[in-house]
Amino acid sequence: MGRPRTPSGRARETNRRLTLEYPDAVCELDHGNPFELLAATILSAQCTDVRVNMVTPTLFARYPLPEDLAQAAPAELQEIIRSTGFYQNKARSLIGMANALVDRFGGEVPGAMEDLVTVPGVGRKTANVVRSVALGLPGLPVDTHVGRLSRLLGLTTEMDPVKVEMELNPMVPAHERGLFSLRLILHGRRVCVARRPRCEDCVLNDFCPSSEI
DNA sequence: ATCCCGAGGG
DNA sequence: CCCTCTGGAT
């Protein structure tokens, strides 16, 4: 299946600044709306971006604001999000999340990690997506492809997501934290995949110790 | 068959 | 540490 491909982006590294340049990104959400991004990120667990994008228009038409989602009937919400998988957990998380925003954060998405992780359905990875993409704060969504990220960093035994975040964070230009996070996610999902890494599409071959090119 | 854009719970 | 929850992709 050797298919020659034109690399679809490039990478440069200057001092400690790393820039990933892929052509663009896929999430059709309004990234300036933290509530929508948070809900979509909860939905995205173990699920492709394409499928999340199929349900979000209906979801936000039905529940435009945290106040609306907080009062959703579980069965109706489950029906809307069913195709994203884990739909019972996700429906419970979404309703709990909305209630938390309304009850404890004035209907807004909090920016502090300590606050975010107290919100139902929000772990460190989801919190970092929201922080970087919606709020422009430091934060890297280090998920299950952390092992492959460790490969990129030249780390052999270090698989701790927090350590990886600490190593990568200073390399991300402040003005493109959100973009970097989205591209990092896409890179783990579409290029540096577990089984058969698509090194021919990867922009990091020049300094990836595991490059097959 | 196996892995995933996770998080909560035992 | 382990397990569960779901559907889809490979």
Side-chain angles (χ1 to χ4, degrees), chain A residues 1-3 5 20 22 24-29 31 34 36-56 58-59 69 74-101 109-110 113-135 139-152 159-162 164-165 168 172 177-202 212:
Chain A
M1 287 288 219
R3 72 255 169 181
R5 276 172 188 266
L20 282 173
Y22 283 103
D24 250 309
V26 172
C27 196
E28 294 167 7
L29 291 169
H31 292 156
E36 288 194 7
L37 185 72
L38 177 51
T41 304
I42 288 172
L43 289 181
S44 77
Q46 310 295 83
C47 175
T48 64
D49 49 357
V50 173
R51 202 150 272 283
V52 172
N53 286 334
M54 287 173 54
V55 310
T56 47
T58 308
L59 179 67
L69 187 57
E76 184 184 359
L77 179 56
Q78 285 176 23
E79 181 58 33
I80 294 172
I81 67 174
R82 180 176 318 278
S83 64
T84 67
F86 294 132
Y87 61 89
Q88 296 182 82
N89 290 354
K90 287 174 182 177
R92 202 181 313 124
S93 292
L94 288 173
I95 293 172
M97 173 273 277
N99 273 108
L101 298 193
V109 177
M113 178 64 70
E114 314 87 79
D115 290 334
L116 281 166
V117 295
T118 69
V119 174
V122 180
R124 189 177 185 89
K125 186 236 163 170
T126 300
N128 275 328
V129 173
V130 171
R131 280 174 55 81
S132 59
V133 178
L135 305 175
L140 288 167
V142 177
D143 48 46
T144 51
H145 80 280
V146 60
R148 287 168 265 140
L149 204 57
S150 296
R151 174 200 316 170
L152 163 65
M159 304 282 271
D160 177 0
V162 178
V164 175
E165 279 179 48
L168 270 180
V172 182
R177 290 201 256 247
L179 202 51
F180 190 93
S181 286
L182 291 174
R183 286 168 174 168
L184 184 61
I185 289 168
L186 289 180
H187 182 260
R189 180 63 189 191
R190 314 216 288 220
V191 181
C192 200
V193 294
R195 281 300 180 64
R196 192 281 194 202
R198 302 173 57 164
C199 297
E200 68 275 14
D201 282 350
C202 185
E212 294 177 10

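Each chain gets a letter, A, B and so on, in the order the sequences are listed, and its residues count up from 1. Quick caveat: nothing in here was measured; it's all calculated off a predicted structure.
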Can you list, pair by pair, the side-chain donor-acceptor contacts under 3.5 Å of residues 120-127 of chain A, counting residues two or more places apart and other chains?
{"unit_1": "A/Arg124", "atom_1": "NE", "unit_2": "A/Glu165", "atom_2": "OE1", "d": "3.4"}
{"unit_1": "A/Arg124", "atom_1": "NE", "unit_2": "A/Glu165", "atom_2": "OE2", "d": "2.8"}
{"unit_1": "A/Arg124", "atom_1": "NH2", "unit_2": "A/Glu165", "atom_2": "OE1", "d": "3.3"}

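Here C/dT6 presents its P atom at 14 Å from CD of A/Glu79, a figure rounded to the nearest Å. As a whole-Å value, the separation of A/Phe180 CZ from B/dC5 C1' is 16 Å. Nucleotide C/dT6 holds its P atom 19 Å from the CE atom of A/Met54, rounded to whole Å. Nucleotide C/dT6 holds its P atom 13 Å from the CG atom of A/Leu77, rounded to whole Å. Atom CG in A/Leu116 sits about 11 Å away from atom P in B/dA7, given to the nearest Å. We find that CD1 of A/Ile185 is positioned 15 Å from P of B/dC4, with the value rounded to whole Å. To the nearest angstrom, P of B/dC5 lies 12 Å from NZ of A/Lys90. Rounded to a whole Å, the CZ atom of A/Arg124 is 14 Å from the C1' atom of B/dA7.
With sequence neighbours excluded, no residue forms a side-chain hydrogen bond (donor to acceptor under 3.5 Å, both in side chains) with A/Thr58. Every residue meeting the side-chain contact (heavy atoms from CB on, under 4.5 Å) condition with A/Thr84, not counting sequence neighbours, appears here in chain and number order: A/Leu43, A/Cys47, A/Val55, A/Ile81, A/Lys90. Every residue was checked against the side-chain hydrogen bond (donor to acceptor under 3.5 Å, both in side chains) condition with A/Thr48, not counting sequence neighbours, and none meets it. In this view, A/Arg82 and A/Glu79 satisfy the salt bridge (Lys or Arg N to Asp or Glu O under 4.0 Å) rule, not counting sequence neighbours. With sequence neighbours excluded, no residue forms a salt bridge (Lys or Arg N to Asp or Glu O under 4.0 Å) with A/Arg51.
The nearest pair of heavy atoms linking A/Leu37 to A/Val130 is CD2-CA, 4.0 Å. Contact detail for A/Ile42 and A/Ser93: the closest heavy-atom pair is CG2-CB, 4.1 Å.
A sub-4.0 Å separation between OP1 or OP2 of C/dG7 and a side-chain N or O of A/Thr48 is absent.
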Mind listing the N/O atom pairs, protein and nucleotides 8-10 of chain B, below 3.5 Å?
{"unit_1": "B/dG8", "atom_1": "OP1", "unit_2": "A/Gly121", "atom_2": "N", "d": "2.8"}

Please tabulate, one pair per line, each protein N/O and nucleotide N/O from nucleotides 3-5 of chain C that are separated by under 3.5 Å, including the distance.
{"unit_1": "C/dC5", "atom_1": "O2", "unit_2": "A/Asn89", "atom_2": "ND2", "d": "2.9"}

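With C1' as the reference atom, B/dC5 and C/dC1 are 24 Å apart, rounded to whole Å.
Sequence neighbours left out, not one pair with a member in residues 92-101 of chain A passes salt bridge (charged side-chain N to carboxylate O under 4.0 Å, His left out).
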